[in-house]
Amino acid sequence: MRKLKLSLIFALCFLILFVSAGYAEEIHVAVIGKSVHPYWAEVELGVKKAAEDLGVKATFFVPQKEDIQAQISQMESFIAMGVDGIAIAPSDPTALAPTIATAMSKGIPVITLDTDAPESERLAYIGTDNYSAGKLAGQVMSQLLGPEGGKVAIGTGSLTAMNSLERMRGFTDGIAENENIVVVTKPALCDFEDTGRAVTLVEQALLTYPDLKGFFGVYAINGPAAAKAIKTAGKVGEVLVVCFDTTAEHMQLIKEGAIAATIGQRPYMMGYKSVELLSKMVADGVDAALAELPEDRIVDTGVDVVAADAYVETLRVLEADSVEEYREKLIGLGIPVEGW
Ligand code: BGC
């Protein structure tokens with residue numbers, strides 16, 4: 001009898017421990033990103049941490065580079081496997097919409113992260129407000145080039161993903177305040193997130209426009225690619241790079257002054273919050289999870305402007321941080337800082 005009591009107490013303690021550490025039943029969510037890149041490694045870090053904190057299973061997948069078909073196939077596999085929820089960063093919102101609809105019709109909640117598909121049946125979006133962030137990048141460029149302005153080229157990894165299109169639309173509005181800035185690349189140079197191609201395109205642009213004054217790198221891949229080509233051409237300080245993201249490579253190039261300023265997104269948070277929201281949808285029901293979100297079901301993870309020492313004072317009007325200030329901010333937000 002005493003033995004039975006003891007084992008009952010043990011079982012109860014175990015249950016309490018298990019439940020307080022996370023969800024009692026195994027929940028399996030999947031996150032689909034866009035490319036093999038340190039940016040996505042940061043998203044994955046957030047995904048893994050949330051899975052650990054909540055006691056759920058999370059599977060992370062990225063295609064080698066921008067690959068709409070690979071995203072569709074992977075999403076179909078996850079649906080066939082019967083995962084409980086999916087977060088996806090659609091490389092093409094129109095192409096992914098039918099697969100999102102299929103998942104939803106099978107009772108698998110779908111949300112977007114990093115880049116949205118608002119016309120699809122997705123339930124919510126977690127990531128940057130890309131129009132505003134693009135506009136901020138335009139204002140940064142305008143502030144850096146000053147009233148004389150000059151020619152600016154734009155490089156991106158996608159001409160279909162909404163985040164890329166929204167950033168470029170915002171950038172155009174951000175530089176509109178300075179009529180002497182002329183964008184020379186129409187459409188933008190597109191590398192489909194292929195690093196080698198990204199560098200070649202910048203090298204070609206430097207030859208085509210010897211008087212280029214600025215380069216706007218839309219994706220994480222573009223800023224470092226531009227900085228590399230500009231360094232090789234001996235034009236650091238002559239062609240100013242304004243870009244997105246803060247991987248260790250970006251931070252190194254900012255310290256060198258080869259990148260003048262960058263818009264730092266919060267990829268770790270995107271990964272973490274996606275797993276958190278999907279798990280809540282599965283455990284408590286979609287309506288209960290959505291009730292905790294803003295009415296438009298958009299979770300803005302926020303951005304920061306980070307500038308090289310030579311430009312940080314000029315950019316204080318746009319609330320720029322130096323590398324060191326930025327590091328402190330991230331630590332304060334509980335975001336791991338690695339490799340810089
Ligand atoms: C974008 C992602 C992209 C990544 C890598 C980021 O700025 O938000 O959509 O995949 O760069 O290039």
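Just so you know, ligand 1 is whichever comes first in the structure, and atom 1 is the first atom listed for that ligand.
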**Study point:** Derivation and outcome, side chain to side chain contact (heavy atoms under 4.5 Å, CB included), residues Q139 and I175
**Key:** CA-CA 6 Å; Q139 289 164 334; I175 55 171; over 6 Å; no

Exercise for review: Run the numbers on E319 and V305 for side chain to side chain contact (heavy atoms under 4.5 Å, CB included), then give the verdict.
Suggested key: CA-CA 7 Å; E319 293 176 14; V305 180; over 6 Å; no

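Residue contacts with ligand 1: A220 is placed with a nitrogen or oxygen under 3.5 Å of a nitrogen or oxygen of the ligand (distance criterion only). Geometrically, ligand 1 and K34 share a nitrogen or oxygen pair separated by less than 3.5 Å.
Taking the charged nitrogens against the carboxylate oxygens, K34 and D67 have no contact shorter than 4.0 Å, which rules out a salt bridge. Salt-bridge check for E324 with R327: passed, with a basic side-chain N closer than 4.0 Å to an acidic carboxylate O.
Protein heavy atom closest to atom 4 (C) of ligand 1, with residue, atom name and distance, is Y39 CD2, 3.7 Å.
In the hydrophobic clustering (ILVMFWY side chains linked at under 4.5 Å, chained through shared members), M162 stands by itself.
In this comparison of D245, I221, V36, the heavy atom closest to atom 6 (C) of ligand 1 sits on D245. Nearest-heavy-atom check against atom 5 (C) of ligand 1 across M162, Q265, E193 picks out E193.
Those atoms of ligand 1 that come under 4.0 Å of a heavy atom in D114, given as number and element, are 1 (C), 2 (C), 8 (O), 9 (O).
The residue N222 has no part lying near ligand 1, judged by heavy-atom distances below 4.0 Å.
Residue R167 places a heavy atom under 4.0 Å from ligand 1.
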Hey, can you pull the donor-acceptor pairs under 3.5 Å for the side chains in residues 78-98, sequence neighbours left out?
{"residue": "D84", "atom": "OD2", "partner": "H28", "partner atom": "N", "Å": "2.7"}
{"residue": "S91", "atom": "OG", "partner": "E66", "partner atom": "OE1", "Å": "2.7"}
{"residue": "D92", "atom": "OD1", "partner": "T94", "partner atom": "N", "Å": "3.0"}
{"residue": "D92", "atom": "OD1", "partner": "A95", "partner atom": "N", "Å": "3.2"}

